[in-house]
Colleague: 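Provided herewith is a single structure, encoded as structure tokens, for subsequent inquiry.
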Protein chains: 2
Amino acid sequence: MADKKQIPAPTLGRICTYIRVLERSTGCSISSAAIAEAAGVNAAQVRKDLSYLGEFGQAGVGYDVGELREALKHLMGLDRPRHVVIVGAGALGSALITYPGFEARGFRVVAVFDNNPAKIGHRLRGHLILPADELAERIAELGAEIGVIAVPRTTAQAVADALVQAGIKAIVNFAPVLLRVPETVAVRNVDLTQQLECLAYYLQD
Amino acid sequence: MADKKQIPAPTLGRICTYIRVLERSTGCSISSAAIAEAAGVNAAQVRKDLSYLGEFGQAGVGYDVGELREALKHLMGLDRPRHVVIVGAGALGSALITYPGFEARGFRVVAVFDNNPAKIGHRLRGHLILPADELAERIAELGAEIGVIAVPRTTAQAVADALVQAGIKAIVNFAPVLLRVPETVAVRNVDLTQQLECLAYYLQD
DNA sequence: CAGTGTGAAGCGCTTCACAGCT
DNA sequence: AGCTGTGAAGCGCTTCACACTG
């Protein structure tokens with residue numbers, strides 16, 4: 001990714017949590033302490049995070065729930081839908097197609113790709129599986145902005161290259177490998193096995 | 001989790017990466033610079049991380065690949081298999097049952113639970129779906145140590161409570177909610193939607 | 001020499017503490 | 001009184017730099 005260093009990455013993650021807290025919140029105003037309690041963080045942290053988008057709070061009262069929620073969504077770029085393509089029609093890719101949280105939050109899966117001829121042309125959870133070599137043209141015509149890599153480790157880099165070539169600027173990578181992409185492309189790695197491995201450490205002694 | 005503060009959490013994550021680098025490495029000795037290059041981190045970082053388990057390197061040469069790999073696996077508690085239970089037989093839970101990385105790294109899925117009567121008793125990818133109210137007894141008899149929560153947000157806390165009650169000390173949580181568990185239980189949250197949300201931020205301007 | 005191990009510096013995020021506003 | 005916004009302190013991870021070793 002480019003610079004964008006205005007807001008620290010940890011803050012971005014927490015802001016997503018704050019948005020969810022606000023969406024489930026009933027009252028019309030909420031204090032930083034209440035947000036902090038629900039999000040599992042320090043109240044000063046909440047205020048510092050929120051200060052990145054200007055002064056929203058009312059001293060002595062707190063924050064307007066609706067106003068803050070919309071401001072945070074706007075800040076995160078969540079005020080318009082995003083088109084997502086999934087590469088890899090295996091078990092994981094299949095699960096991601098219908099993952100309820102995606103559609104509910106404005107992420108629309110617009111295409112699913114695979115390079116297995118036995119899968120191409122078949123329907124998977126309502127989506128026609130497209131050949132991976134059509135990535136570039138499909139991404140352009142569908143206006144996709146985010147690519148999800150759900151292929152085996154050995155083909156992940158090739159898929160990433162193809163996505164970058166197609167103009168994708170944001171990638172979620174489920175393959176346990178370090179992707180080499182231009183600095184202008186943002187990558188989030190999700191290593192499911194690593195989660196278990198880290199837990200194994202704490203299971204000892 | 002308890003204290004365990006000897007090794008910082010970021011280091012634990014990187015050590016998992018180092019293990020993979022070593023498993024794919026061909027030579028019999030490797031330098032911190034080579035590990036760093038493959039893992040995408042700083043070489044000094046690698047040496048500092050490795051120094052947590054004593055002095056393994058040979059000055060002027062590097063580290064013995066096999067020896068270091070086994071030492072790291074032992075440190076992480078990966079030198080014996082772990083039994084995993086998955087709660088939630090939806091699309092995500094289903095994908096996790098056969099996730100190739102789990103079995104390959106010693107994590108064996110020994111049971112799958114759901115509370116939907118329509119699913120209980122049916123087979124899913126080779127596993128009989130068990131009723132969620134049998135969690136405690138099954139976990140005990142199967143010797144499960146890790147629980148994976150792949151249920152909707154609204155039931156995640158109840159599942160976590162049941163897992164804790166059953167003696168589980170390590171949880172991977174896919175539900176977008178803050179779990180309240182005793183300090184003795186380690187939790188790793190994996191919020192798939194949040195990955196996309198953070199990327200949306202970088203897609204702006 | 002090439003490369004490790006590590007004290008010290010650097011850096012960035014987190015938390016405190018309090019002035020200021022309502 | 002209650003709560004925000006923020007400078008300053010605190011803290012922990014990262015990186016540097018170099019003495020030391022085979």
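Every chain is numbered from 1 and lettered A, B, ... according to where its sequence line falls, protein lines coming before strand lines.
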Colleague: Would you say B/R14 reaches D/dT14's phosphate, i.e. side-chain N/O to OP1/OP2 under 4.0 Å?
Modeller: yes
Colleague: In whole Å, what is the span from the CG atom of A/L68 to the C1' atom of D/dT4?
Modeller: 13 Å
Colleague: Quick one: does A/L199's side chain get under 4.5 Å of B/R188's, heavy atoms only?
Modeller: yes
Colleague: In whole Å, what is the span from the CG atom of A/L12 to the C1' atom of C/dT14?
Modeller: 16 Å
Colleague: Take the protein atom CD1 of A/I7 and the nucleotide atom C1' of C/dC13, then report the distance between them rounded to whole Å.
Modeller: 14 Å
Colleague: Indicate yes or no: does A/K73 engage A/E23 in a salt bridge with an N to O separation below 4.0 Å.
Modeller: yes
Colleague: Using the side chain to side chain contact (heavy atoms under 4.5 Å, CB included) definition, which of the options A/I86, A/L142, A/I146, A/V84 pairs with A/V110?
Modeller: A/L142
Colleague: Which parts of residues 19-35 of chain B get close to DNA chain D, meaning a heavy atom less than 4.0 angstrom away?
Modeller: none
Colleague: Can you measure A/D64 atom CG to D/dC3 atom P for me and round it to whole angstrom units?
Modeller: 16 Å
Colleague: In this structure, are over 12 heavy atoms from other groups packed under 6.0 Å from A/Q165 atom CD?
Modeller: no
Colleague: Using the side-chain hydrogen bond (donor to acceptor under 3.5 Å, both in side chains) definition, which of the options A/Q45, A/K48, A/R47 pairs with A/S32?
Modeller: A/R47
Colleague: Output one line per pair: protein atom, nucleotide atom from nucleotides 19-22 of chain D, and distance, for all N/O pairs under 3.5 Å.
Modeller:
none

Colleague: So B/V109 and B/Y99, do their side chains get closer than 4.5 Å, heavy atoms only?
Modeller: no
Colleague: So which of residues 37-52 of chain B are in contact with DNA chain D, with a heavy-atom cut-off of under 4.0 Å?
Modeller: B/N42, B/A44, B/Q45, B/R47, B/K48
Colleague: Is there a side-chain contact between A/E103 and A/R108 in this structure, where contact means two heavy atoms from C-beta onward sitting under 4.5 Å apart?
Modeller: yes
